[in-house]
Amino acid sequence: MKPEDYNTQNKPVWCPGCGNFGILMAVKQAFAKADLKKKETVVVNGIGCSDKYHQYIDTYGFESIHGRILPVAMGLRLANHKLKVVCIGGDGDGYGIGMCHFIHAMRRNLDVTYIVCNNQIYGLTTGQTSPTSEKGFETKSTPNGNIEPPVNPIALALASGATFIARGFAGEVPYLRDLIIEGLNHKGFSLIDVFQPCVTFNHKNTYEWFNDKLYKLEDHDPKDRDAAVAKASETDKLPIGIFYREEKPTYEDEIEQISRKPLVEQDISGVKMDDLLDELS
Amino acid sequence: MIGGKAGYGIMVTGMIFSKSCVRGGLHVFDSVEYPSLIRGGHNTYHVRVEEDEIHSHIELIDILVALNKETVDKHKDKVTERGAIIYDSSETEINEGDVRKDIRMYDIPLLEIAKEHGNELMMNTVALGATMAIVDYDLGILEGVIKDEFSDKGKDVVNSNIESARDGYNNARANYNNNFRSKLSPSSDKGMILLTGNDAIAMGAIRAGCRFYSAYPMTPASSILHYMAAHELSKGVVVKQTEDEISAIHTAIGASFAGARAMTATSGGGFCLMSEGLGLAALTETPLVIALCQRAGPSTGLATRTEQADLRFAMHASQGEFPRVIMAPGDVEEAFTLTAKAFNLAEKYQIPVIVMSDKHLSESHKSSEKNRFNIDYEIDRGFLVPEWNDGEFRRFMITDNGVSPRALPGQEGTVFRTSSYERDEYGWNSESPENRTAMNDKRIRKTESIISEIPDPSVYGPEDADITLIAWGSTKGAVLEAMKFLEKESINANFIHITHILPFKAESVRKMLESAKKTLIVEQNHDLQLGGIIMQYTGVCIDRSLANYTGRQVLPHEIYDKAKEVLAR
Ligand SMILES: Cc1ncc(C[n+]2csc(CCOP(=O)(O)OP(=O)(O)O)c2C)c(N)n1
């Protein structure tokens with residue numbers, strides 16, 4: 001497959017310069033490289049500027065509501081684990097309103113890839129503070145500066161049991177593509193948090209700002225949890241790359257009812273009731 | 001009735017008694033009352049036993065098993081003339097004048113016998129044995145039920161319980177003459193079972209091929225989760241307790257989108273959290289079955305008590321306008337068949353379907369016949385296409401009945417997308433006014449077809465009656481029992497029971513009501529929510545009402561009294 005094969009009739013309608021363009025490009029390139037079949041792939045979105053990915057990628061698509069990407073993804077996977085499920089959403093969606101599902105999906109090791117377009121602002125609602133906004137950040141909802149420290153998604157993922165944890169940058173498309181490929185090939189929950197400049201509402205965390213701040217993880221062993229924690233805690237310079245990777249049985253692996261074939265392929269007709277009725281007599 | 005503090009096994013004991021009766025071919029209706037506490041608080045389990053089928057509990061008590069004084073004080077007035085109280089004077093001090101003279105007092109050393117067998121909690125089992133002696137019932141049946149109920153706890157537990165029951169039986173036999181006025185004798189085996197509304201909902205789902213169940217625990221819906229989980233392997237159902245009800249409904253939507261028959265269940269508080277998911281199911285046209293087991297609100301309200309005050313909530317939950325089906329079974333048989341039917345309606349019309357129960361139906365046991373649950377059931381998956389080779393798949397194609405072709409991810413030629421935003425026939429987002437109107441019309445048009453599948457309300461009693469009772473859901477039982485009382489006095493009453501709330505069969509209900517002489521509606525809420533709905537759809541205003549929002553199920557005699565009052569006017 002080629003990246004263009006995943007094009008749809010729609011042209012992306014993000015602000016010129018939006019980090020989503022880079023992420024979309026990287027996603028399609030990764031899909032092509034990983035040879036994802038359109039017929040076997042579902043892109044799940046939430047609500048935010050990133051809710052349109054399923055309109056721009058020619059696979060099955062399910063756009064859920066704000067914050068509910070992962071529960072829908074879980075249902076999809078449990079009913080049909082032959083499907084490749086790729087979740088794409090915003091930082092508000094995943095780390096704000098959807099935070100509870102985020103933690104639980106990771107501790108379960110649900111076998112999905114979750115790409116978070118982290119622009120540190122609420123874009124679609126025209127510029128309010130986000131759970132990843134830095135302290136002191138001035139937005140429409142925090143005109144006198146945000147007094148809350150940000151969540152650290154990488155550290156949170158480590159604490160919650162995610163088995164693949166990476167961070168990318170929308171301005172480094174080939175590097176991001178490779179991270180996404182690794183995530184897609186990982187068996188278990190893969191988180192790819194992506195720094196995404198919002199050219200319209202976030203005038204602090206700009207492309208230049210990131211170019212200055214970011215460095216690529218090298219000489220880091222992703223099997224080393226302690227090292228990953230240390231890397232996740234860095235704030236002066238921000239590492240991108242794979243922080244942590246671990247092989248563990250997935251959630252789906254542990255469910256006997258689907259060990260032979262996906263739920264949707266099982267015959268549901270003519271269910272016998274005798275045993276159930278006997279229990280009640 | 002057996003009563004005592006929470007934590008003393010009242011529920012299991014009551015259930016064992018009910019089951020022993022059913023195994024002997026007798027009919028049972030039991031109800032439980034308990035506060036939202038694990039220890040302490042006052043619990044009661046009331047079993048009504050008859051030779052003929054029964055639909056409701058009543059207030060009266062022939063035999064009161066009192067594990068503490070509170071039980072005597074609270075319930076002695078309801079003990080019938082020459083009824084019995086079983087108690088233990090070492091635990092419960094009863095003084096001269098505490099109880100009426102006609103009541104027979106059976107002082108049994110419940111605690112001592114239980115302790116002899118190793119566990120004072122078995123007081124209730126001793127009392128069960130004594131009860132069986134007093135009503136002269138077959139102790140062997142009780143022993144059989146004890147064996148089955150405790151078998152997973154090991155041989156020792158089974159044996160010590162059986163011995164406790166036996167000693168209770170023998171003690172009562174030895175110390176009291178066998179001339180209590182009421183006896184129970186086993187009749188022939190009619191293939192009977194004992195089940196709650198929640199058992200029936202879960203069984204209905206399984207019968208319909210439900211293979212995915214996600215929920216978050218909440219009384220009185222939790223026992224559906226327990227039932228599904230207990231049968232997850234034998235019936236191949238994937239059962240998941242999610243992090244909250246928001247996740248429960250969205251997980252079910254995801255599973256249904258992928259192609260599994262999926263259900264979730266909750267009570268009002270959880271349904272609040274599910275409201276956003278209800279709308280998502282509606283806009284994405286994903287089939288979904290929700291069991292809504294009501295309890296008394298608002299907020300946490302009376303967490304373990306009954307109410308029917310969420311009807312308007314279920315009808316209007318979530319923003320925007322969309323078709324939904326709401327059904328409200330009145331007993332275990334209807335809970336089973338309507339839940340099974342819910343899955344066909346959900347798939348045929350690609351809509352959310354809500355099955356409404358309440359604590360009374362969900363947790364009370366009723367005896368029934370096995371063969372009522374061996375129904376013919378054809379799975380109807382509606383317009384589900386195996387593949388598509390007619391160009392780009394039109395998942396939301398405009399059709400006459402509003403139902404579009406549905407495909408599951410993975411089926412040849414069907415790649416499509418669905419969205420919580422308004423979209424066009426292909427699933428592409430569209431905000432044009434023309435598309436919006438067409439899509440809203442398409443969805444809402446489904447109602448016209450659904451209504452053709454909705455039966456007229458059931459009418460019980462003679463066509464021509466002096467008074468017509470109206471109710472929905474679980475109050476059916478009490479109304480039917482009240483009608484028996486009225487019938488005894490040769491009062492001509494009939495009863496319209498509404499099991500299908502949405503879509504509402506307005507024409508049929510209007511005709512029925514227009515020919516009624518006097519009308520009385522019975523509801524477990526303050527606002528007479530069904531009464532309002534009837535008025536809204538038919539223009540008919542019901543004359544009189546019995547609105548009960550005590551948190552306790554209305555009793556047959558209360559309905560009887562009200563009916564007499566209405567007739568006397
Ligand atoms: C339940 C609910 N609350 C609020 C909104 C409004 N809303 C839409 S997107 C959004 C936040 C967007 O931020 P983020 O998820 O970071 O995505 P971005 O737009 O920045 O890409 C909000 C609050 C909504 N759609 N649903």
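Protein chains get the first letters and strands the later ones, always in sequence-line order, with residue 1 at the start of each.
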### Message
Less than 4.5 Å apart, side chain to side chain, heavy atoms only: is that true for A/Asp58 and B/Arg417?
### Response
yes
### Query
Any sub-3.5 Å donor-acceptor pair from B/Thr251's side-chain atoms to A/Gly75's backbone N or O?
no
### Message
For B/Glu412, is there an ion pair with A/Lys39 - N to carboxylate O distance below 4.0 angstrom?
### Response
yes
### Pairwise distance NE2(A/His66) to CG(B/Leu280) - rounded to 0.5 angstrom
14.0 Å
### Query
Can you tell me if CD on A/Glu4 sees more than 12 non-hydrogen neighbours from other groups inside 6.0 Å?
yes
#### Entry: Largest heavy-atom contact set with chain A, pairs under 4.5 Å, which of B/Gly254, B/Ala260, B/Ala202
B/Gly254
#### Entry: Over 12 foreign heavy atoms within 6.0 Å of CD, B/Gln241
yes
### Query
Given the options B/Phe212, B/Tyr227, B/Tyr421, which has more heavy-atom pairs under 4.5 Å with chain A than any of the others?
B/Tyr421
### Task
Check each atom of A/Thr59 against the heavy atoms of chain B and say whether the ones under 4.5 Å are side chain, backbone, both or neither.
backbone
## Note on the structure
One should read off an interatomic distance between B/Glu243 CD and A/Phe102 CZ, to the nearest 0.5 angstrom, of 12.5 Å
### Message
Using heavy-atom distances under 4.5 Å, tell me whether B/Glu378 contacts chain A through its side chain, its backbone, both, or neither.
### Response
neither
### Query
Between A/Ile65 and chain B, which part of the residue has a heavy atom less than 4.5 Å away: side chain, backbone, both or neither?
both
Indicate every side-chain donor-acceptor pair of residues 22-35 of chain A with a distance under 3.5 Å to a residue at least two apart or in another chain.
from	atom 1	to	atom 2	distance (Å)
A/Lys28	NZ	A/Asn7	OD1	2.7
A/Asp35	OD2	A/Lys37	NZ	3.1

### Message
Can you tell me which portion of A/Tyr56 sits under 4.5 Å from chain B's heavy atoms? Options are side chain, backbone, both or neither.
### Response
neither
### Query
Hey, which of B/Ser367, B/Ala258, B/Ser368, B/Gly259 has the most heavy atom pairs under 4.5 Å with chain A?
B/Ala258
### Message
A quick test of your reading: do over 12 heavy atoms of other residues, nucleotides or ligands sit less than 6.0 Å from NZ of A/Lys38?
### Response
yes
### Query
Which atoms of B/Ser256 come close to chain A, meaning under 4.5 Å heavy atom to heavy atom: side chain ones, backbone ones, both, or neither?
neither
### Message
So for atom CZ, which belongs to B/Phe393, do other residues, nucleotides or ligands contribute more than 12 heavy atoms lying within a distance under 6.0 Å?
### Response
yes
### Closest-packed option against chain A by number of heavy-atom pairs under 4.5 Å, given B/Met192, B/Lys19, B/Arg23
B/Lys19
### Query
With a 4.5 Å heavy-atom cut-off, do A/Cys100 and B/Asp244 have their side chains touching?
yes
### Query
For chain A, which of B/Asp199, B/Leu283, B/Val237 has the most heavy-atom pairs under 4.5 Å?
B/Val237
### Task
Can you tell which part of B/Val22 gets under 4.5 Å to a heavy atom of chain A, answering side chain, backbone, both or neither?
neither
### Query
To the nearest 0.5 Å, how far apart are NE2 in A/His101 and OG1 in B/Thr242?
9.0 Å
### Message
Can you confirm whether more than 12 heavy atoms, excluding those of A/Gln9, are under 6.0 Å from its CD atom?
### Response
yes
### Query
Just checking heavy atoms, which of residues 252-280 of chain A are less than 4.5 Å from chain B?
A/Ile255, A/Glu256, A/Gln257, A/Ile258, A/Leu263, A/Val264, A/Gln266, A/Asp267, A/Ile268, A/Ser269, A/Gly270, A/Val271, A/Lys272, A/Met273, A/Asp274, A/Asp275, A/Leu276, A/Leu277, A/Asp278, A/Glu279, A/Leu280
### Message
At a 4.5 Å cut-off on heavy atoms, which part of A/Ile47 comes close to chain B: side chain, backbone, both, or neither?
### Response
side chain
### Query
Of all of B/Ile253, B/Leu195, B/Leu233, which one pairs up most often with chain A through heavy atoms under 4.5 Å apart?
B/Leu233
### Task
Go through the atoms of A/Arg108 and report whether side chain, backbone, both or neither lie under 4.5 Å from a heavy atom of chain B.
side chain
### Query
Salt bridge check: are B/Glu276 and A/Arg68 linked by an N-O gap of less than 4.0 Å?
yes
### Query
Can you say whether A/Gln55 sits under 4.5 Å from chain B via the side chain, the backbone, both, or neither, judging by heavy atoms?
both
### Summary
Rounded to the nearest 0.5 angstrom, the OG1-OH distance for A/Thr8 and B/Tyr426 is 14.5 Å
### Query
Which pair of non-hydrogen atoms, one from B/Leu408 and one from A/Tyr60, has the smallest distance, and what is that distance?
O-OH, 3.7 Å
### Query
Taking all non-hydrogen atoms of both residues, which atom of A/Ala79 and which atom of B/Ala255 are closest, and how far apart?
CB-O, 3.6 Å
### Message
Looking only at heavy atoms and a cut-off of under 4.5 Å, which of A/Asp51, A/Ile57, A/Ile103 has the most pairs with chain B?
### Response
A/Asp51
### Query
By a 4.5 Å heavy-atom criterion (distance strictly below it), what part of A/His104 contacts chain B: side chain, backbone, both, or neither?
side chain
